[in-house]
Colleague: 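My questions all concern the structure below.
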Amino acid sequence: MTRIVNFSAGPALLPEEVLARAGDEMLDWHGSGMCVMEMSHRGKEFISIAAEAEHDLRELLAVPAHYKVLFLQGGATLQFAQVPMNLLAGRGKADYVITGEWSKKAAKEAAAHCEVAIAATSEDRRFRCAPPQDEWRVGADAAYLHYCSNETIGGVEFHWVPDTGAVTLVADASSHILSRPLEVSRFGLIYAGAQKNIGPAGLTIVVVREDLMGRAARGTPTVMDYKLQADADSMLNTPATYSIYIAGLVFKWLKQLGGLAEMERRNVAKAKLLYDYLDASGFYRNPVEPRDRSRMNVPFTLADAKLDDAFLKGAAERGMVQLKGHRSVGGMRASIYNAMPMEGVQRLVDYLKEFERRHG
Ligand SMILES: *Cc1c(COP(=O)(O)O)cnc(C)c1O
C-alpha cells in the first residue's frame with residue numbers, strides 16, 4: 001500500500017494513525033459487536049463516544065465552562081445563515097470584515113437577515129493581507145462582528161485576535177482551528193466545518209458563549225437554534241455520528257502529540273520550510289503580505305502559467321495530488337493542515353526545486 005501525499009484544501013488528509021485505528025475498530029467497536037456507523041445515537045456506546053470527543057476538544061482548546069460546544073451539520077456555509085438567525089437578537093445590523101472569498105460569502109448570506117456593515121476590507125489590496133486593526137470601523141450598534149480567521153482560498157491568516165470592544169466577536173475558523181492555541185474567551189462564537197483540520201465532512205463544530213443563546217429569530221428551524229441544540233447535547237435529531245467518532249480520534253491524536261502548542265510548533269516549521277523556499281526562488285511566488293500568510297493554505301504561482309499542467313502532472317507522478325489552486329484564483333495551492341507531516345512538505349519542496357531546475 002502506498003499513501004499519496006494529499007494537499008487538498010478539504011476534504012483533506014487525516015492522520016494515518018487515526019485511519020488505521022478506525023480500520024481496526026470498523027467491525028467491532030470496543031467489544032460492542034458493532035461499527036460506530038451502526039450505533040443508535042441514543043445508545044450508551046455512542047453517547048460515550050460523543051461525550052469523550054467533547055471532553056477532549058474542550059481540553060485541547062481550553063474552552064471555558066460558560067461556553068457550549070456543539071456538534072452540528074450543514075457545514076460552515078450553514079453557519080453563514082445560522083449566526084445571524086441566532087445572534088441578531090432583534091438588532092438590525094451586524095459588522096463583517098472582508099478578507100477573501102469565504103468572508104464575502106458569509107456577508108452575502110447575512111444580508112438576507114440584517115443590514116451588513118463592512119467594518120474593514122482588503123478587497124482594494126486584492127485580498128493579499130489582513131486589514132490592520134486601526135482601519136476597522138466597528139459599529140457600536142452591531143449585534144456582532146464576523147470575520148474569517150483563515151481564508152482558505154487566498155491563504156491569508158489572522159495571527160492576532162481582533163479587539164472589537166463590547167461587540168461580540170464571531171470567527172469562521174474552519175481551515176485553521178486546532179492548528180494553534182486559541183484564546184476562546186475573546187470570542188462570542190467560533191465555528192468550523194470539520195473537513196479541513198478536524199475530521200470527515202458532515203460535521204460542523206460551534207463553540208458559543210452561553211449568554212448569546214436563546215434569542216433566535218422567529219422561524220429559525222429547531223435544529224438551527226443553538227440553545228435548543230445545546231439543551232439536547234447536539235442530538236435534537238440524529239447527529240453525524242461517524243464524523244463525530246473520527247473527530248474524537250483526531251482529538252486523541254492531538255492530545256497524544258502534546259496538544260495545540262506542539263501542533264503550532266510543527267505547523268510553524270512546515271510553513272517556514274515552504275515559504276522560505278518560495279521566497280528564495282525567482283520562479284515561484286506567493287502574493288500574500290508575509291506577516292499575514294497562512295500556515296495552513298499556501299497559494300503560489302509559477303513564473304509562467306503555461307507550465308501549470310506540466311507541474312501538476314509531474315507532481316502526480318511523484319505521488320503528490322490536489323495542488324491545483326482554487327478556480328477563482330488559479331495557480332497552485334498547497335494545504336498543509338495538522339495531519340500533513342513535515343516529510344510531505346519536504347517532498348513538495350524537493351519537487352519544486354527539481355521543476356525549477358528543469359523549467360526555470
Ligand atoms: C471550506 C470553508 C467553508 C465552507 O465549508 P462547507 O463545510 O463546505 O460549508 C467556509 N469557510 C471557510 C473558511 C472554509 O475553509
Side-chain angles (χ1 to χ4, degrees), residues 6-14 70-85 96-112 116 121-123 127-131 144-159 161-162 169-180 182 187 189-207 221 223-224 234 239-240 242-244 246-247 250 267 271 288 292-299 322 324-329 333-340:
N6 180 2
F7 292 96
S8 171
L13 80 175
L14 284 163
L70 307 177
F71 291 148
L72 305 179
Q73 299 183 61
T77 304
L78 192 63
Q79 294 306 310
F80 296 168
Q82 199 164 342
V83 164
M85 288 168 97
Y96 278 74
V97 171
I98 310 295
T99 49
E101 301 302 321
W102 289 118
S103 46
K104 247 165 90 171
K105 282 206 169 91
K108 192 169 168 215
E109 189 82 22
V116 166
T121 178
S122 58
E123 191 153 23
F127 296 135
R128 286 170 176 182
C129 66
Y144 61 87
L145 180 142
H146 177 284
Y147 80 118
C148 176
S149 48
N150 184 66
E151 285 281 1
T152 322
I153 294 172
V156 172
E157 180 170 5
F158 282 82
H159 297 286
V161 177
L169 183 60
V170 174
D172 175 358
S174 293
S175 49
H176 76 159
I177 192 164
L178 303 184
S179 70
R180 59 198 298 165
L182 188 67
F187 298 84
L189 186 147
I190 301 160
Y191 64 88
Q195 73 273 22
K196 286 22 188 295
N197 214 13
I198 296 176
L203 169 65
T204 312
I205 288 181
V206 173
V207 179
V223 293
M224 288 174 68
S234 307
Y242 200 74
S243 297
I244 292 170
I246 297 287
V250 171
N267 286 328
V288 180
D292 301 325
R293 284 172 169 175
S294 171
R295 294 173 184 162
M296 298 283 103
N297 310 98
V298 184
Q322 298 288 349
K324 197 176 162 72
H326 191 269
R327 59 187 186 279
S328 65
V329 293
R333 173 177 51 172
S335 294
I336 50 175
Y337 296 119
N338 284 351
M340 174 65 67

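In each ligand, atom 1 is the first atom listed, and ligand 1 is the first ligand listed.
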Colleague: Side chain of Asp172, backbone of Trp102: donor and acceptor closer than 3.5 Å?
Modeller: no

Colleague: For ligand 1, which part of Lys196 has a heavy atom less than 4.0 Å away: the side chain, the backbone, both, or neither?
Modeller: side chain

Colleague: For atom 8 (O) of ligand 1, state which one of Gln195, Gln79, His176 supplies the nearest heavy atom.
Modeller: Gln195

Colleague: Which atoms of ligand 1 are found less than 4.0 Å from any heavy atom of Ser174?
Modeller: 11 (N), 12 (C), 13 (C), 14 (C), 15 (O)

Colleague: Does the pair His176 and Ser149 meet the rule for a side chain to side chain donor-acceptor pair (under 3.5 Å), with working shown?
Modeller: CA-CA 8 Å; His176 76 159; Ser149 48; 2.8 Å; yes

Colleague: Between Asn267 and Met296, is there a side-chain heavy-atom distance shorter than 4.5 Å?
Modeller: yes

Colleague: Could you see which bit of Cys148 sits under 4.0 Å from ligand 1, with heavy atoms only: side chain, backbone, both or neither?
Modeller: side chain

Colleague: Just say parallel, tilted or perpendicular for the rings of Phe80 and His146, cut-offs at 30° and 60°.
Modeller: perpendicular

Colleague: Which residue owns the protein heavy atom closest to atom 11 (N) of ligand 1, what's the atom, and how far is it?
Modeller: Asp172 OD2, 2.6 Å

Colleague: Is any side-chain heavy atom of Arg333 closer than 4.5 Å to a side-chain heavy atom of Ile153?
Modeller: yes

Colleague: How does Phe80 reach ligand 1, by side chain, by backbone, by both or by neither, if only non-hydrogen atoms under 4.0 Å count?
Modeller: side chain

Colleague: Measuring only between side-chain heavy atoms, which start at C-beta, is Phe158 closer than 4.5 Å to Thr99?
Modeller: yes

Colleague: Show me which atoms of ligand 1 lie under 4.0 Å from any heavy atom of Thr152.
Modeller: 12 (C), 13 (C), 14 (C), 15 (O)

Colleague: Heavy-atom contacts with Asn150 under 4.0 Å: which atoms of ligand 1 show up? List them by number with element.
Modeller: 13 (C)

Colleague: Can you sort out which atoms of ligand 1 are near Gly75, meaning under 4.0 Å from one of its heavy atoms?
Modeller: 7 (O), 9 (O)

Colleague: Please check this pair: side chain of Glu123 against backbone of Ile98, looking for a donor-acceptor N/O pair closer than 3.5 Å.
Modeller: no

Colleague: How far is atom 9 (O) of ligand 1 from the closest protein heavy atom, and which atom is that?
Modeller: Thr77 OG1, 2.5 Å

Colleague: Between Ser335 and Asn297, is there a side-chain donor-acceptor contact under 3.5 Å, judged purely by atom types and distance?
Modeller: yes

Colleague: Please list the nearest protein heavy atom to atom 5 (O) of ligand 1 with its residue and the distance rounded to 0.1 Å.
Modeller: Ala76 CB, 3.6 Å

